[in-house]
Participant: 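Sharing a structure, written as structure tokens. Questions coming.
Given the structure is predicted, the values throughout are model-derived calculations rather than measurements. Below, chains carry the letters A, B, ... as their sequence lines are ordered, and counting in each starts from 1. All values below come from the heavy atoms of this structure, side chains included, with hydrogens, waters and symmetry mates left out.
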2 protein chains.
Amino acid sequence: MKINRATDYGVRLMVYLAACEGRVVPRAEIASAMEIPPEFLAKIAQHLAKAGLLEIRQGRAGGYRLKRPSQEITLLEVVEALEGEIALNLCVGHPESCRFSPTCKVHLVWEAATEGLRDLLGNIYLANLIEKKAKSDEEVG
Amino acid sequence: MKINRATDYGVRLMVYLAACEGRVVPRAEIASAMEIPPEFLAKIAQHLAKAGLLEIRQGRAGGYRLKRPSQEITLLEVVEALEGEIALNLCVGHPESCRFSPTCKVHLVWEAATEGLRDLLGNIYLANLIEKKAKSDEEVG
DNA sequence: AGTAACTGGATCTTTTTTATCTTAAATTTT
DNA sequence: AAAATTTAAGATAAAAAAGATCCAGTTACT
Ligand code: SF4
Ligand code: SF4
């Protein structure tokens, strides 16, 4: 009933990149700042890259960067890239996995709950999740 | 991000009992009707009994029975009896587990999502989940 | 007493999660 | 071109959780 550690790490990564505004950020920096085991972070980034959410630059000044603007990437996309499509029970999205599903009222509840959750996450964008720095920086200037 | 098999089994058990209207139902009957491994069902029932959701009758005509009316037991209670309090991420309910939680906006999202889910499940009662039989299909013909 | 039914703890297997290691490839700098 | 730096990709491994089963013991009906 919980997301994986990898998923949380992935979200941290994406939010961090969103805050970096298109800069190519080396893995070691992210790993250290977000407290993610570096090798594990590599795996997670690879998944997210395959899902088209971030871009990997290899070589000497390599690192990671968002592939799309942070205003256009939802939390749902990030989570589902790492967990697969969200489903709160086996039978959600796979009614054939349980022979009771055609008449099971609980099935409908799990489907509704899943949809509710996906809706919520689908309406939150990385841009909404960046920790704004102290106002003095931008507004008072 | 999914409930356990044990939790689904537990819900099946509770809904089945709700449909049995206070009768003491032997484990074997439930196991067979709901397709649950009997020994595993025993363990699940023991948990639910400790949580005060059902009553176990030992001895010769033993079995299980709801402890409270099905109109008063929510799905949330059943699920949380088996999974512990629902939390979609580690940091939900345990902000101290992550040093970012005080400023992390994602944290707030997971808390909101968790609350939404608990709300939904908390408003569904076992009585709502019983498959109503057609008028006289108990006796075929 | 005899039998049917569940308990409670231990055990066991499988799967999933989390993490790391290793060899290779890519890119920049020299 | 060579060297230095950084990630790729697949294999591996350790740890934890899930799923299931076993068995000696207890309870209650007849
Ligand atoms: S909720 Fe109903 S349909 Fe889904 S797995 Fe459980 S019993 Fe089957
Ligand atoms: S959501 Fe934020 S607070 Fe919660 S674990 Fe992830 S980083 Fe930490």
Side-chain angles (χ1 to χ4, degrees), chain A residues 1-13 17 23-32 34-67 79 81-84 87-90 97-98, chain B residues 1-13 17 20 23-32 34-67 79 81-84 86-90 97-98:
Chain A
M1 200 58 137
K2 282 185 176 58
I3 59 167
N4 294 334
R5 227 75 273 291
T7 304
D8 189 74
Y9 290 159
V11 173
R12 290 188 205 183
L13 162 62
L17 290 181
R23 177 179 134 235
V24 173
V25 188
R27 187 175 73 190
E29 174 185 335
I30 303 168
S32 148
M34 295 286 98
E35 300 190 356
I36 306 171
E39 315 272 16
F40 197 17
L41 175 55
K43 276 282 157 296
I44 293 165
Q46 284 161 32
H47 265 116
L48 291 170
K50 270 183 193 155
L53 292 174
L54 60 77
E55 202 176 84
I56 297 176
R57 281 280 288 267
Q58 289 191 205
R60 187 148 179 179
Y64 309 130
R65 179 164 59 174
L66 291 191
K67 191 147 187 184
V79 171
L82 293 166
E83 302 242 338
L88 293 175
N89 198 352
L90 266 185
S97 70
C98 174
Chain B
M1 200 57 134
K2 282 186 177 58
I3 59 167
N4 294 334
R5 226 76 273 291
T7 304
D8 188 74
Y9 290 160
V11 173
R12 290 188 205 184
L13 161 62
L17 291 182
C20 287
R23 176 179 135 235
V24 173
V25 189
R27 189 176 71 191
E29 174 185 334
I30 303 166
S32 147
M34 296 285 97
E35 300 189 355
I36 306 170
E39 314 272 16
F40 197 16
L41 175 54
K43 276 285 157 295
I44 294 164
Q46 284 162 31
H47 266 116
L48 292 170
K50 269 183 194 154
L53 292 174
L54 61 76
E55 202 177 82
I56 298 176
R57 280 281 287 266
Q58 289 190 209
R60 184 148 183 184
Y64 308 130
R65 179 164 59 174
L66 291 191
K67 191 148 186 183
V79 170
L82 293 166
E83 302 242 337
I86 291 177
L88 293 176
N89 198 352
L90 266 186
S97 70
C98 173

Participant: Whole-Å distance between D:dT12 P and A:Glu39 CD?
Facilitator: 17 Å

Participant: Identify which nucleotide among D:dG19, D:dT30, D:dA20 has an atom closest to any side-chain atom of B:Asn4, counting heavy atoms from C-beta outward.
Facilitator: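 Selected nucleotide: D:dG19.
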
Participant: Just how far, in rounded Å, is C1' of D:dA17 from CG of B:Leu82?
Facilitator: 15 Å

Participant: Let me know, please, whether A:Met1 or A:Ile56 comes out on the 5' side of the other along DNA chain D by nearest nucleotide.
Facilitator: A:Ile56

Participant: Kindly say if B:Tyr9 contacts the phosphate of D:dG19, meaning a side-chain N or O under 4.0 Å from OP1 or OP2.
Facilitator: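 No.
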
Participant: Tell me whether the OP1 or OP2 atom of D:dA8 has a side-chain N or O from A:Gln58 closer than 4.0 Å.
Facilitator: no

Participant: By nearest nucleotide on DNA chain C, pick out whichever of A:Ala6 and A:Ala61 is the more 5' one.
Facilitator: A:Ala6

Participant: When rounded to the nearest 0.5 angstrom, what distance separates CG in A:Leu17 from CG in A:Leu66?
Facilitator: 5.0 Å

Participant: Once you round it to whole Å, what is the distance between P of C:dA5 and CZ of B:Arg23?
Facilitator: 13 Å

Participant: Could you tell me whether the phosphate oxygens of D:dC29, OP1 or OP2, come under 4.0 Å of any side-chain nitrogen or oxygen in B:Arg57?
Facilitator: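 So the side chain of B:Arg57 is within the cut-off, an N or O lying under 4.0 Å from OP1 or OP2 of D:dC29.
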
Participant: Return the value, rounded to whole Å, for the distance between atom NE2 of A:His47 and atom C1' of C:dT17.
Facilitator: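 Rounded to whole Å, this separation is 13 Å.
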
Participant: Start with the C-alpha gap between A:Tyr9 and A:Met34, add the side-chain angles, then the distance that decides, and say whether side chain to side chain contact (heavy atoms under 4.5 Å, CB included) holds.
Facilitator: CA-CA 8 Å; A:Tyr9 290 159; A:Met34 295 286 98; over 6 Å; no

Participant: Output the single nucleotide from D:dT7, D:dA4, C:dG8 whose closest atom is nearest the side chain of B:Lys43.
Facilitator: C:dG8

Participant: Among the candidates C:dT29, C:dT20, D:dG19, find the nucleotide nearest to the side-chain atoms of B:Arg5.
Facilitator: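 Selected nucleotide (nearest to the side chain): D:dG19.
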
Participant: What integer distance in Å separates B:Arg65:CZ from C:dA5:P?
Facilitator: 17 Å

Participant: Specify the separation, in whole Å, of atom CG of B:Leu41 and atom P of C:dC6.
Facilitator: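 Rounded to whole Å, this separation is 9 Å.
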
Participant: Step by step, work out the side chain to side chain contact (heavy atoms under 4.5 Å, CB included) result for A:Leu90 and B:Asp8.
Facilitator: CA-CA 9 Å; A:Leu90 266 185; B:Asp8 188 74; over 6 Å; no

Participant: Return the value, rounded to whole Å, for the distance between atom CD of B:Gln46 and atom C1' of D:dT26.
Facilitator: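 Whole-Å distance recorded here is 12 Å.
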
Participant: Is the shortest heavy-atom distance from the side chain of A:Arg12 to the side chain of B:Cys98 under 4.5 Å?
Facilitator: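 They are in side-chain contact.
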
Participant: Return the value, rounded to whole Å, for the distance between atom NZ of A:Lys50 and atom P of D:dT7.
Facilitator: 17 Å

Participant: Any base atoms under 4.0 Å from B:Gly59, or only sugar-phosphate, or nothing? Heavy atoms, all strands.
Facilitator: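 Base: the residue B:Gly59, judged by heavy atoms under 4.0 Å, touches a nucleobase.
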
Participant: Describe the nucleic acid contact of B:Arg27 in one word from base, sugar-phosphate, nothing, applying a heavy-atom distance below 4.0 Å.
Facilitator: base

Participant: Nearest 0.5 Å, what's the CG-CG distance between A:Asn89 and B:Asn4?
Facilitator: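 With rounding to 0.5 Å, CG (A:Asn89) is 10.0 Å from CG (B:Asn4).
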
Participant: Ignoring the backbone of A:Phe40, work out which of D:dG19, C:dT18, D:dT7 is nearest its side chain.
Facilitator: C:dT18

